[in-house]
Amino acid sequence: MGSRGATESYTGWPVIPDLSSELRFLVKEIPCGQVTTFGALAEALGDLAAARWVATQLAQWRDDPQETTNIPWFRVVRRNGDLAAGAIVQRQHQAERLVHEGITVSTSGRVDLAVLWNAFHTAQPLKALADWQHRVAPVAQCYADIEIPRVVAAVDLSYSSPTQAVAAYVAYDWNRAEVVHTATITLPVTFPYIPGYLTFREVPAMCQVIEHVRRQGRLAQVILVDGTGRLHPRRFGVAVAVGLMTQCSTIGVSKRRLCGQPSPGESSEECVSLWDQDERLGAQLRHPAFRQPLYVSPGFGLSIDRSIDIVQRVWQQHRLPEPQFEADKLSRALARRMHK
DNA sequence: GCGACAG
DNA sequence: ATCTTGTCGC
């Protein structure tokens, strides 16, 4: 079975676990005649936040003729005892499999969770990754603010298939309002999207396109990253990791909020600080032309306030700041072209 | 039914 | 993020 669980060195990037293999192993541990929950499996992986991914992965195996007979997906139900989500025929199938193993399923499609099985053997690989984030986050907290540079870049990812990422880099001159450099790369991606762990999914591709631009000698002084920076439960969003790995100044900019609460005292419409555990981590920005706000936090090498200055400078014509809008457009166009 | 956890 | 029909706005 090889090495299970995440191990890492103190200084470098951690070994990224193969979560699908880990989950497959755990599901196969559930004994005949027993049931468990998606959340229990997620906790066995090391974080309840993975529950949704566990559910979607099990549904995938359920619907895959190659996998469905090897993996007892039907022994996993929701926390309230309900059978897994899905079409009526699939829920019926799950009920039949459970009844066949001697488990009582009510007419409404619910099992008694008093018998929930939970004795997994696991190294909790996600917990190892979270510990690594906690430990490395303080290293990224030093900064020496630069002036707002003329050229601000952005990196963004699209997917040409569920396992193939397209990373785009776009450098934008806000004074002349034009794109001055672009680059793209493609890379296989296997780590799933789990809230709080986006770093381990998207940072390798982002760093690779940035290193490519560095070799071209065209690296901008600041890079906007789709996602969060310090505005993260462990202060280690994807923008922090990209900055740390590349030693570039980075800013996390997201369309939705991962964590942080607006400070009650502030009345400003266009900029409200976001706090978590009595710590100011970033800001919610509003643009008069757009309904939806933007969530901004430093990744690496910049203060919160300078990060805000820079994002406001390049946020003009679209819902996303111009460099990100262009990077999104570019990566999506290439991903679509590759899909054909 | 509601709230919700980046991409 | 991606998958998609119908819908809305410039």
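Here is the naming used below: chain letters follow the sequence lines, and residue numbers restart at 1 for every chain. Values below: every heavy atom of this structure, side chains too, minus hydrogens, waters and symmetry copies.
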To the side chain of [X], which of [options] is closest?
| X | options | answer |
| --- | --- | --- |
| A/L258 | B/dC5, C/dT2, B/dG7 | B/dC5 |
| A/P195 | B/dA4, C/dT2, B/dA6 | B/dA6 |
| A/Y159 | B/dA6, B/dA4, C/dA1 | C/dA1 |
| A/R256 | B/dA6, C/dT2, B/dC5 | B/dA6 |

**OP:** Within residues 219-244 of chain A, find the residues that approach DNA chain B with a heavy atom at under 4.0 Å, and present them sorted by residue number.
**Re:**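 Those residues whose heavy atoms fall under 4.0 Å from DNA chain B, taken from residues 219-244 of chain A in numerical order, are A/D226, A/G227, A/T228, A/H232, A/G237, A/V238.
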Subject >> Nucleic acid contacts - residues 286-304 of chain A versus DNA chain B, non-hydrogen atoms under 4.0 Å >> reply: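 Nucleic-acid contacts, sorted: none.
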Original post:
A/P323 and side chain to side chain contact (heavy atoms under 4.5 Å, CB included): which partner among A/V155, A/D173, A/V152?
Top reply: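 Answer to the side chain to side chain contact (heavy atoms under 4.5 Å, CB included) test with A/P323 among A/V155, A/D173, A/V152: A/V152.
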[X] side chain to [Y] backbone, donor-acceptor under 3.5 Å:
| X | Y | result |
| --- | --- | --- |
| A/R336 | A/S160 | no |
| A/T122 | A/A44 | yes |
| A/Q133 | A/G196 | yes |
| A/T250 | A/F300 | yes |

Value in whole Å for how far the [atom2] atom of [N] lies from [atom1] of [X]:
| X | N | atom1 | atom2 | result |
| --- | --- | --- | --- | --- |
| A/R52 | C/dA1 | CZ | C1' | 14 Å |
| A/W53 | C/dT2 | CH2 | P | 20 Å |
| A/R201 | C/dT2 | CZ | C1' | 10 Å |
| A/R79 | B/dA4 | CZ | P | 21 Å |
| A/Q164 | C/dT2 | CD | P | 13 Å |
| A/K255 | B/dG7 | NZ | C1' | 7 Å |
| A/Y197 | B/dG7 | OH | P | 18 Å |
| A/L157 | B/dA6 | CG | P | 16 Å |

Original post:
Reading DNA chain B 5' to 3', what string of ( ), [ ], | and . shows its pairs, if Watson-Crick and G-U wobble pairs count only when both distances fall under 3.5 Å?
Top reply: .......
Salt-bridge contact [X]-[Y] (side-chain N to carboxylate O under 4.0 Å):
| X | Y | answer |
| --- | --- | --- |
| A/R280 | A/D305 | yes |
| A/D156 | A/K329 | no |
| A/R332 | A/D328 | yes |
| A/R313 | A/D309 | no |

Original post:
So what's the dot-bracket for DNA chain C: Watson-Crick or G-U pairs under 3.5 Å, [ ] if a pair crosses, | if it pairs off-strand?
Top reply: ..........
Original post:
Do we get A/R52 above A/Y193's six-membered ring, with its NZ or CZ under 6.0 Å from the centre and within 45° of the axis?
Top reply: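 Not flagged: A/R52 not positioned over aromatic ring of A/Y193.
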**OP:** Could you check A/H318 against A/E322 for side-chain hydrogen bond (donor to acceptor under 3.5 Å, both in side chains), going step by step and ending with a plain yes or no?
**Re:** CA-CA 7 Å; A/H318 303 91; A/E322 294 321 300; 3.0 Å; yes
Subject >> Phosphate contact (C/dT2 OP1 or OP2) by A/R336 side-chain N/O below 4.0 Å >> reply: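 Negative; the distance criterion is not met.
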Original post:
Do other residues, nucleotides or ligands put more than 12 heavy atoms under 6.0 Å from A/F120 CZ?
Top reply: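 Atom CZ in A/F120 is packed in, count exceeds 12.
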Original post:
Sequence neighbours excluded, which residues qualify as ring pair (Phe, Tyr, Trp, His ring centres under 6.0 Å) partners of A/H93?
Top reply: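 Ring pair (Phe, Tyr, Trp, His ring centres under 6.0 Å) check on A/H93 returns A/W73.
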Subject >> A/Q247: partners by side chain to side chain donor-acceptor pair (under 3.5 Å), with sequence neighbours left out >> reply: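 Per chain and number, A/Q247 pairs via side chain to side chain donor-acceptor pair (under 3.5 Å) with no residue.
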Original post:
Checking all strands, does A/G252 fall into the base, sugar-phosphate, or nothing category for heavy-atom contacts under 4.0 angstrom?
Top reply: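 It contacts nothing in the nucleic acid.
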